[in-house]
2 protein chains.
Amino acid sequence: MRPETIENYLKTIYNLSSNNTAVVSNQKIADRLSLNPATVTEGLRKLHELKYIVYEKSYGSRLTAAGSKLALDIIRRHRIWETYLAKELGFGWDEVHAIAEELEHVNNVKLINKLAAILGNPIYDPHGDPIPDERGKIQKSNFIKLSEAKIKWNYKVMGVTDHSTTFLKYLEKHNLIIGAGINIKTIEDFDNSIVLICQKKEVNISPKAADCIIVQSI
Amino acid sequence: MRPETIENYLKTIYNLSSNNTAVVSNQKIADRLSLNPATVTEGLRKLHELKYIVYEKSYGSRLTAAGSKLALDIIRRHRIWETYLAKELGFGWDEVHAIAEELEHVNNVKLINKLAAILGNPIYDPHGDPIPDERGKIQKSNFIKLSEAKIKWNYKVMGVTDHSTTFLKYLEKHNLIIGAGINIKTIEDFDNSIVLICQKKEVNISPKAADCIIVQSI
DNA sequence: ATTATCTTTTTGGTATGCCAAAAATAATAA
DNA sequence: TTATTATTTTTGGCATACCAAAAAGATAAT
Ligand SMILES: [Mn+2]
Ligand SMILES: [Mn+2]
Ligand SMILES: [Mn+2]
Ligand SMILES: [Mn+2]
């Protein structure tokens with residue numbers, strides 16, 4: 001398998017198994033990588049061969065220690081590049097993901113560590129995602145999704161789980177950027193949409209959007 | 001054809017046809033890209049199909065206007081990255097080529113122009129090679145190879161045509177870096193090796209090495 | 001429990017990029 | 001010019017990465 005192919009699979013499996021213990025379904029991987037399910041079945045069989053994952057057919061996949069190491073390595077590269085593009089090269093948080101998707105495959109430890117050093121070894125990327133250190137150690141957070149927030153409570157926006165330009169532009173428009181403080185005003189009964197206060201203005205958030213926003217109770 | 005494959009061919013053809021008018025042989029391309037001659041024949045046929053080159057069988061190839069444009073674009077990316085790695089990220093001139101070889105395939109105009117701007121839109125890369133501007137305009141030099149230098153004359157080192165670590169380290173050892181002034185002391189008759197003075201020290205240069213050093217008469 | 005539906009796997013097939021060996025062609029030396 | 005050598009092309013094949021459609025398996029609904 002080409003390194004790029006391996007890396008894209010492992011990264012995806014890591015990202016989809018949030019706590020990194022859950023088993024990941026073929027379909028989710030196929031969706032995320034825009035691949036045919038048949039292709040994914042093949043790919044997973046090969047990754048199992050290579051001992052990067054444990055793959056039980058018709059059940060799911062999870063990373064081995066070796067797979068986890070590789071996944072964290074490429075996630076580190078991706079997030080360091082995103083941070084460098086945003087902080088040092090002036091790109092918007094909605095632009096960096098697509099470029100990092102390619103830059104991440106350039107595998108040069110010295111390069112990534114140099115970028116990290118220039119940035120002061122950051123722990124979070126522009127979307128609030130934690131950046132693994134050189135040895136694969138990664139910050140574990142107890143943040144929740146906005147869709148799980150409770151009425152009347154105050155929260156701080158800590159991250160997003162969707163990196164698309166459309167979504168991030170939409171958030172920016174309502175000042176829902178990393179670090180922003182919000183208060184949950186109401187949660188509509190009939191569709192679970194959330195009305196919150198951000199910078200004194202009322203914002204209506206759909207359940208789908210609320211699922212992609214990560215917050216911390218304050 | 002994959003973009004990366006196309007780019008590697010076009011860049012190579014450009015680099016091998018120095019003045020950009022000469023026709024390039026299949027073998028030279030095969031050597032440079034470490035490919036089997038059979039593979040190159042196929043590749044060139046496809047590039048001809050795509051109108052990036054004019055390929056006359058058993059004769060050679062040369063770039064079309066479209067091919068030249070693409071070639072200059074990737075050469076720009078390569079050389080901008082080399083310069084950025086050396087100047088901004090602290091890599092040695094012997095290290096940058098290998099990394100740039102991968103980074104060059106990340107095709108994002110805004111990114112390259114940003115890097116170029118930070119560097120002050122440089123015209124030469126760390127090896128003395130000219131960097132095309134955004135529209136493909138490239139400096140044309142009248143430098144000569146050290147192997148063509150005349151006895152007793154004074155020259156300045158302007159560039160190298162070999163980017164391997166071994167060669168560049170060897171040059172560094174003798175202070176033969178870009179900008180260094182040299183004087184040709186003797187040219188040995190029996191093997192054409194050159195004895196020159198650089199920083200008051202005598203250095204003996206083999207014909208093979210002299211062929212990879214670019215100088216300007218001063 | 002039996003359908004109906006969704007998910008995964010198998011099967012057969014395509015496109016790309018590569019190589020080894022043989023055949024054809026061109027270049028060079030005798 | 002003819003032979004020798006070098007280069008290029010053709011042929012047949014391999015590996016990877018993918019997909020569409022059919023078959024098998026698992027889940028959910030009645
Ligand atoms: Mn990627
Ligand atoms: Mn990110
Ligand atoms: Mn180079
Ligand atoms: Mn260079």
Side-chain angles (χ1 to χ4, degrees), chain A residues 1-18 22-63 67 70-71 74 101-102 104-107, chain B residues 1-18 22-63 67 70-71 74 101-102 104-107:
Chain A
M1 284 178 104
R2 302 219 326 271
E4 210 182 304
T5 309
I6 294 176
E7 289 172 348
N8 284 334
Y9 272 105
L10 297 182
K11 184 183 59 162
T12 301
I13 294 168
Y14 185 96
N15 284 330
L16 288 175
S17 78
S18 49
V23 145
V24 178
S25 78
N26 293 20
Q27 197 155 59
K28 287 241 176 73
I29 298 169
D31 282 357
R32 193 63 82 88
L33 292 175
S34 301
L35 291 175
N36 188 295
T39 306
V40 171
T41 301
E42 274 182 284
L44 296 177
R45 195 185 46 67
K46 288 181 203 152
L47 289 171
H48 182 100
E49 273 304 304
L50 294 168
K51 309 247 208 253
Y52 288 134
I53 67 173
V54 177
Y55 172 53
E56 287 178 71
K57 32 156 84 167
S58 289
Y59 171 62
S61 310
R62 62 174 201 291
L63 297 170
L70 243 174
I74 187 151
E101 202 61 42
E102 298 188 54
E104 70 188 4
H105 299 292
V106 175
N107 188 357
Chain B
M1 285 178 105
R2 301 218 326 271
E4 211 182 303
T5 309
I6 295 176
E7 289 172 348
N8 284 335
Y9 273 104
L10 297 183
K11 182 182 59 163
T12 302
I13 294 169
Y14 185 96
N15 283 331
L16 288 174
S17 77
S18 49
V23 145
V24 179
S25 78
N26 293 21
Q27 196 153 62
K28 287 239 175 74
I29 298 169
D31 283 356
R32 193 63 83 87
L33 293 174
S34 301
L35 291 175
N36 187 295
T39 306
V40 170
T41 301
E42 274 183 283
L44 295 177
R45 196 185 43 69
K46 288 181 204 153
L47 288 171
H48 182 99
E49 273 304 304
L50 294 168
K51 311 246 207 250
Y52 287 134
I53 66 173
V54 176
Y55 172 54
E56 285 178 73
K57 34 157 82 166
S58 289
Y59 171 62
S61 310
R62 64 173 200 290
L63 298 171
L70 242 174
I74 189 149
E101 204 61 41
E102 298 189 54
E104 69 187 6
H105 298 292
V106 175
N107 187 358

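Source: prediction; values computed, not measured. Labels below follow one simple rule: chain letters A, B, ... track the order of the sequence lines, proteins then strands, and each chain is numbered from 1.
- Between Tyr59(A) and the phosphate of dT27(D), there is no side-chain N or O to OP1/OP2 separation shorter than 4.0 Å.
- For the pair Glu4(A) CD and dA17(D) C1', the computed distance is 12 Å after rounding to whole Å.
- Salt bridge annotation for Lys11(B)-Glu104(B): present, with a cationic side-chain nitrogen under 4.0 angstrom from a carboxylate oxygen.
- The listed nucleotides are dT9(D), dC18(D), dG17(C); the one nearest the side chain of Leu35(A) is dC18(D).
- Checking dG17(C), dC19(D), dT10(D) against the side-chain heavy atoms of Asn36(A) singles out dC19(D) as nearest.
- To the nearest 0.5 angstrom, Ile29(B) atom CD1 is 4.5 Å from Leu44(B) atom CG.
- In this structure, the side chain of Thr12(A) engages the main chain of Asn8(A) through a donor-acceptor pair within 3.5 Å.
- Here the P atom of nucleotide dT14(C) and the CZ atom of Arg2(B) are 22 Å apart, to the nearest Å.
- As rounded to whole Å, 13 Å separates atom C1' of dA17(D) from atom CG of Asn8(A).
- Contact annotation for Tyr9(A): no contact, since no heavy-atom pair falls under 4.0 Å across all strands.
- At whole-Å resolution of the value, CG in Leu47(B) and P in dT16(C) are 13 Å apart.
- In this structure, the nucleotide among dC19(C), dT8(D), dT9(C) sitting nearest to the side chain of Pro37(B) is dT8(D).
- With rounding to the nearest 0.5 Å, the separation of CD1 in Ile6(A) from CD1 in Ile74(A) is 10.5 Å.
- In this structure, the CD1 atom of Ile29(A) is 14 Å from the P atom of dT7(C), given to the nearest Å.
- At the heavy-atom level, Asn26(A) lies under 4.0 Å from the strands shown only through sugar-phosphate atoms.
- Considering only side-chain atoms of Thr5(B), the nucleotide from dT10(D), dC18(C), dT10(C) that sits closest is dC18(C).
- Closest to the side chain of Glu42(A), from the set dC18(D), dT10(D), dT8(C), is dC18(D).
- Rounded to an integer number of Å, the gap from CZ of Arg45(A) to P of dT11(C) is 12 Å.
- OP1 or OP2 of dC19(C) lies within a sub-4.0 Å distance of a side-chain N or O belonging to Thr39(B).
- If you check distances only, the side chain of Gln27(A) never reaches the base of dC6(C) with a donor-acceptor pair under 3.5 Å.
- With rounding to whole Å, Lys28(A) atom NZ is found 15 Å from dT8(C) atom C1'.
- Side-chain N/O atoms of Ser58(A) include none lying less than 4.0 angstrom from OP1 or OP2 on dT8(C).
- Computed from coordinates, the Leu44(A) CG to dA17(D) P distance equals 13 Å when rounded to whole Å.
- The phosphate of dA26(C) has neither OP1 nor OP2 within less than 4.0 Å of any side-chain N or O from Lys57(B).
- Formation of a donor-acceptor pair under 3.5 Å by the Thr41(B) side chain with backbone atoms of Pro37(B) is found in this model.
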